[in-house]
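Below is one structure, written out as structure tokens; the observations come after it.
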Amino acid sequence: VKMSETLRFTGKVISATISGRAGLWYISVQVEMPDKETIRNDHDVIGVDLGVETLVTLSNGEKYQGVKATKKYEKKLRRLQQSLSRSVGSKKGEKKSNNFWKKQAKISKLYFKIFNARNNQTHALTTMIVKTYKTICVEDLHVEQMLSDNKYAKYIADSSFYEFRRQLEYKANLYGSNMITADTY
């Protein structure tokens with residue numbers, strides 16, 4: 001594989017995985033590196049509250065708005081899906097036309113764009129919180145029950161609460177922070 005950029009990390013290359021998504025190809029290189037110490041401002045404790053209006057509210061009063069990527073691209077996504085449903089091959093038993101596959105690829109790219117926007121913000125916020133605070137307290141949310149509410153389900157899914165908490169957990173272990181899960185009540 002020819003590569004146009006140099007590896008950003010020094011160490012022993014263990015493996016490489018090539019994957020494709022939404023018409024784009026990626027290579028993931030696994031490198032063995034020595035552990036390095038994390039430099040951070042050791043503030044004591046912070047409470048993290050996840051919400052629909054503001055994605056993250058910290059107990060010190062700082063608020064971070066969510067990207068709301070699904071809402072941002074909702075009209076474009078609706079138009080593309082309507083166009084796909086009208087194309088030849090959308091009905092059961094029909095042979096899929098080339099235009100059908102082109103429209104399918106456009107929808108796939110748009111979903112990937114939404115995923116990347118949401119994921120980028122989640123990584124940035126969780127890394128900032130874990131690098132700044134020694135102890136992090138997060139409410140134990142029952143996301144599945146929250147998604148059963150038809151009124152706010154779309155906004156809760158767009159905020160990706162579970163992914164936020166999952167990233168906080170693994171990054172807390174990685175950076176040496178303590179994470180406490182507070183009971184809902």
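- Atom OG of Ser160 is separated from atom CG of Asn119 by 7.5 Å, given to the nearest 0.5 angstrom.
- Applying the side chain to side chain donor-acceptor pair (under 3.5 Å) rule to Glu139 yields no partners; only residues at least two apart in sequence or on another chain are considered.
- Remark: Ser15 pairs with Gln30 by the side chain to side chain donor-acceptor pair (under 3.5 Å) rule, at least two apart or across chains.
- Scored by the side chain to side chain contact (heavy atoms under 4.5 Å, CB included) test, Ala22 finds Ser108, Lys109, Phe112 as partners (sequence neighbours excluded).
- Under the salt bridge (charged side-chain N to carboxylate O under 4.0 Å, His left out) criterion, Glu163 pairs with Arg166, not counting sequence neighbours.
- Under the side chain to side chain contact (heavy atoms under 4.5 Å, CB included) criterion, Asp183 pairs with Tyr185, sequence neighbours left out.
- Val13 and Ile27 fall within the same hydrophobic cluster, defined by Ile, Leu, Val, Met, Phe, Trp and Tyr side-chain heavy atoms under 4.5 Å apart, directly or through other members.
- A continuous path of ILVMFWY side-chain contacts below 4.5 Å connects Met179 to Leu174, so both sit in one hydrophobic cluster.
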Output a table of donor-acceptor pairs, distance under 3.5 Å, between side-chain atoms of residues 71-80 and any protein atom two or more places apart or on a different chain; print 'none' if there are none.
from: Glu74; atom 1: OE2; to: Lys154; atom 2: NZ; distance (Å): 2.6

side-chain contact (heavy atoms from CB on, under 4.5 Å) for Tyr155 and Thr70? Distances and angles first, verdict last.
CA-CA 9 Å; Tyr155 304 111; Thr70 305; over 6 Å; no
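- Val67 and Leu110 end up in different hydrophobic clusters when Ile, Leu, Val, Met, Phe, Trp and Tyr side chains are linked at under 4.5 Å.
- No side-chain heavy atom of Thr135 sits under 4.5 Å from any side-chain heavy atom of Asp44.
- Residues Thr181 and Val138 form no side-chain contact, since every pair of their non-hydrogen atoms from C-beta on lies 4.5 Å or further apart.
- Environment of NZ in Lys68: crowded, with over 12 heavy atoms of neighbouring residues, nucleotides or ligands closer than 6.0 Å.
- Linking ILVMFWY residues whenever their side-chain heavy atoms come closer than 4.5 Å, directly or via other members, leaves Val48 and Ile180 in distinct clusters.
- Residues satisfying the side chain to side chain donor-acceptor pair (under 3.5 Å) test with Thr126, not counting sequence neighbours, are Gln167, Lys171.
- Taking Ser83 as the reference, Lys103 meet the side chain to side chain donor-acceptor pair (under 3.5 Å) condition, with sequence neighbours excluded.
- For the atom pair Asn173 CG and Asn178 CG, the distance stands at 9.5 Å (nearest 0.5 Å).
- Counting heavy atoms from C-beta outward, Thr10 and Met33 have side chains that stay 4.5 Å or more apart.
- In terms of hydrophobic clustering, with Ile, Leu, Val, Met, Phe, Trp and Tyr side chains grouped at heavy-atom distances under 4.5 Å, Val88 and Phe100 are assigned to different clusters.
- To the nearest 0.5 Å, the span separating CD1 on Ile107 from CG on Leu84 amounts to 4.5 Å.
- Residues that satisfy the side chain to side chain contact (heavy atoms under 4.5 Å, CB included) test with Glu62, not counting sequence neighbours, are Leu58, Asn60, Tyr64, Tyr133.
- Counting non-hydrogen atoms of other residues, nucleotides and ligands closer than 6.0 Å to OH of Tyr162 gives a total of 12 or fewer.
- By the neighbour-count criterion of 12 heavy atoms within 6.0 Å, atom CG of Asn98 is sparsely surrounded, having that number or fewer from other residues, nucleotides or ligands.
- Counting heavy atoms from C-beta on, the side chains of Val56 and Leu50 come closer than 4.5 Å.
- The heavy-atom pair separating Tyr26 from Arg21 by the smallest distance is CE1-O, 4.3 Å.
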Chi angles and distances behind the side-chain contact (heavy atoms from CB on, under 4.5 Å) call for Leu55, Leu125:
CA-CA 10 Å; Leu55 178 62; Leu125 284 173; 4.0 Å; yes
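- Note that NE2 of His123 and CG of Asn116 are 10.0 Å apart. Values are rounded to the nearest 0.5 Å.
- Contact detail for Gln81 and Tyr111: the closest heavy-atom pair is NE2-OH, 3.0 Å.
- Remark: Thr54 engages Thr57, Lys63, Gln65 in a side chain to side chain contact (heavy atoms under 4.5 Å, CB included) (not counting sequence neighbours).
- Qualifying salt bridge (charged side-chain N to carboxylate O under 4.0 Å, His left out) partners for Arg118, counting only residues two or more places apart in sequence or in other chains: Asp158.
- Sorted by first and then second residue, the salt bridge (Lys or Arg N to Asp or Glu O under 4.0 Å) pairs with a member in residues 82-95 form an empty list; sequence neighbours excluded.
- Remark: Gln82 CD is packed, more than 12 non-hydrogen atoms of other residues, nucleotides or ligands lying under 6.0 Å away.
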